[in-house]
Amino acid sequence: MANITRSPWLLHYDGSSCNGCDIEVLACLTPVYDAERLGVMNTGDPMQADILLVTGGINSQNQDTVKQLYDQMPRPKVVVAVGVCACTGGVFKDCYNILGGADTTIPVDVYVPGCAARPQAIMDGIIKAVGIFQQRSNEYKAQVKEKKKAAKKGAQN
Amino acid sequence: MGKRSVIPFGPQHPVLPEPIHIDLVVEDERVIEAIPSIGFIHRGLEGLVDKRDFNQMTYVVERTCGICSFQHGMGYCEAVEHIFGVDIPDRAKFLRTIWAEIGRMHSHLLWLGLLADGFGFENLFYQCWRVREKVLDLQEMTSGGRLIFSVNKVGGVMKDIPADMLKIILTTMDEVEEELKEMKKTFFNDYSVQSRLKGVGVLTKEQINRLGAVGPFARASGVVSDMRTLGYAAYPMLDFEPIISEDGDCYARCYVRMQELFQSIDLIRQAVAKIPAEGDLAVAIKGNPDGEYFMRVEQPRGEAFYYVKANGKPNLQRMRVRTPTFANVPGLCEMLKNTELADVGLLVLTIDPCISCTER
Ligand code: SF4
């Protein structure tokens, strides 16, 4: 969390949650908890988002949508699963239409348990995600640098 | 005739965090037809009756919707209690009423905030949600959970609200009432709010009746339908009138919900005044249910049905929920016809959509 150089943007997608976790995510962004003071911002556009918050489990209807949203996000990206439904399927695990948690479809980096996940826990998850995002973007930058160097060398020879 | 095209709305959309997909057939900027497709949140929780017994189902039913969680649990429990033919203690009835009304307040505050966000009044949105946190604190204080606080069980409630907490509830009600009065001024006197809401998305009483809409959505068009008057929990012992408005536009829907907030405050005060000082919280339930029952409760979004059928086994034979938002979708599609494209987001919000209970 120490050396943040960018402000990551959040995208929130409701898988098949019961709404409990959704409104807690929203509550995180409003005055009492105010996640935006951590430098993150909520957006509705996947193409500008860096961190994806998924609530609820995955079913056959929304699987493609979740995958699409994930693919549309630019790299580096981080995924946070909010609530036990998104972690494992939760109470609905045995329902005929639930395939499981978010990690059945996309790679998940941070798991926030709870039913409904408390705003404090979600904030903690976001802070972790911001850290991971920073680390990934540093790695990514180093890679790009390396590639440029190699390309330059190639051009000189 | 202009050129027709189809614009998809959702499943992921900035106005509505929940996934519903509507294909909007537009001609220039006018919407001609709206075709919804649902199923993004379908979990199939009714099917869980095979795997969970009737007591465990309470927790599943509570997770139909995280916003009206308590009222879902209450509706289900009342249905099963009727099958058993038990009458729950008076104190439990009053406690249920108090929790139900607190839940209604937080739901309506949430909706008012989202509406303000929908027409771009960010400040008002934050105000509503700030006040809502006070109401949530009450839920947390009395039950331990912010949103989903399983206090219902078949036969009564699991937790008591002691006298000192009832006092805190009353003082919080006073505070919230003051804040609401301030907010009400902005909602009803601000000309930019008025010009955004007045005359938008009008549905007449006949249309509402034909399309079977329920709840504040129907009451805003002058239909008197409030299931609380049927008399479950402690409502028969309290004094209240359903709030209606005749205009049927977005402004009227906002008015009805705002007034219902004050009504809930009043109901909570009445309930706290009348609650029996002592008494059991639940009656013992023996054996398994046998029979069927239809229960109707008034949730923040309107009338919800619970159909429970049992045959003397621990697992129910069938449990069916029909939720208010599902009943309101036809009304929404009718309302979307012949509106401006720019109003669509706002109109979708005015039915107080809750897709997770629509699709269960
Ligand atoms: S974890 Fe609980 S509150 Fe969150 S979506 Fe699932 S059932 Fe709802």
Side-chain angles (χ1 to χ4, degrees), chain A residues 11-34 36 42-46 49 52-53 55-66 68-69 72 83-85 89-99 114-121, chain B residues 10-21 37-48 50-52 56 59-60 62-69 72 106-107 110 113-114 117 125-134 136-137 140 145-150 354-357 359-360:
Chain A
L11 173 72
H12 168 206
Y13 184 73
D14 172 355
S16 60
S17 88
C18 78
N19 242 339
C21 288
D22 284 303
I23 49 182
E24 291 295 48
V25 168
L26 271 184
C28 273
L29 301 165
T30 50
V32 179
Y33 298 100
D34 201 7
E36 294 192 354
N42 193 23
T43 171
D45 182 0
L52 174 63
L53 298 178
T55 53
I58 301 293
N59 63 26
S60 38
Q61 174 94 332
N62 70 24
Q63 193 172 27
D64 290 341
T65 316
V66 173
Q68 228 175 46
L69 285 176
Q72 281 178 356
V84 283
C85 283
V91 260
F92 305 121
K93 202 171 172 210
D94 294 337
C95 286
Y96 58 81
N97 201 26
I98 292 286
L99 304 174
C115 178
R118 295 180 63 84
Q120 289 92 332
Chain B
Q12 192 267 338
H13 194 272
V15 178
L16 189 70
E18 293 180 88
I20 183 167
H21 179 86
S37 59
I38 58 173
F40 291 92
I41 301 206
H42 180 62
R43 289 150 284 176
L45 62 85
E46 289 168 6
L48 274 184
D50 294 340
K51 295 174 182 135
R52 307 271 183 272
Q56 293 169 331
Y59 304 103
V60 176
E62 275 177 346
R63 282 156 180 80
T64 311
C65 161
I67 307 177
C68 347
S69 152
H72 277 291
H106 104 73
S107 172
L110 173 132
L114 289 181
D117 189 39
F125 166 49
Y126 284 156
Q127 291 297 337
C128 294
W129 280 62
R130 184 177 57 75
V131 178
R132 177 174 166 265
E133 286 293 329
K134 290 190 182 178
L136 288 185
D137 285 347
E140 190 174 352
R146 270 170 60 88
L147 287 172
I148 302 201
F149 49 94
S150 317
C354 168
I355 311 302
S356 47
C357 75
E359 300 175 359
R360 305 173 303 280

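Numbered from 1 within each chain, the chains take letters A, B, ... in sequence-line order.
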Looking only at heavy atoms and a cut-off of under 4.5 Å, which of Gly90(A), Cys21(A), Ser17(A) has the most pairs with chain B?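 Top option by heavy-atom pairs under 4.5 Å: Ser17(A).
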
Heavy atoms only, distances under 4.5 angstrom: which of Cys85(A), Gly56(A), Pro119(A) has the most pairs with chain B? Name it, please.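 Answer, by heavy-atom pair count under 4.5 Å with chain B: Pro119(A).
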
Can you tell me which portion of [X] sits under 4.5 Å from chain B's heavy atoms? Options are side chain, backbone, both or neither.
X: Asn59(A); result: side chain
X: Leu29(A); result: backbone
X: Val91(A); result: both

Tell me which of these, Arg132(B), Gln127(B), Arg63(B), has more heavy-atom pairs under 4.5 Å with chain A than the rest.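 Looking at each option in turn, the highest pair count goes to Arg63(B).
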
Go through Arg52(B), Glu46(B), Arg130(B) and name the one with the most non-hydrogen pairs under 4.5 angstrom from chain A.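 Winner by heavy-atom pair count: Arg52(B).
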
State the [atom1]-[atom2] distance between [X] and [Y], to the nearest 0.5 angstrom.
X: Thr64(B); Y: Asn19(A); atom1: OG1; atom2: CG; value: 11.0 Å
X: Ser60(A); Y: His42(B); atom1: OG; atom2: NE2; value: 9.0 Å
X: Leu48(B); Y: Phe92(A); atom1: CG; atom2: CZ; value: 8.0 Å
X: Cys65(B); Y: Ile23(A); atom1: SG; atom2: CD1; value: 7.0 Å
X: Glu24(A); Y: Arg146(B); atom1: CD; atom2: CZ; value: 4.0 Å
X: Cys115(A); Y: Leu147(B); atom1: SG; atom2: CG; value: 10.0 Å

Are the side chains of [Y] and [X] in contact, using a 4.5 Å heavy-atom criterion?
X: Tyr33(A); Y: Glu133(B); value: yes
X: Lys93(A); Y: Arg43(B); value: no
X: Cys18(A); Y: Ile148(B); value: yes
X: Leu26(A); Y: Trp129(B); value: yes

Check whether Tyr59(B) gets within reach of chain A through its side chain, its backbone, both or neither, counting any heavy atom under 4.5 Å.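 For Tyr59(B), neither part sits under 4.5 Å from chain A.
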
Quick one: what part of Glu140(B) sits under 4.5 Å from any heavy atom of chain A, side chain, backbone, both or neither?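 The side chain, not the backbone.
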
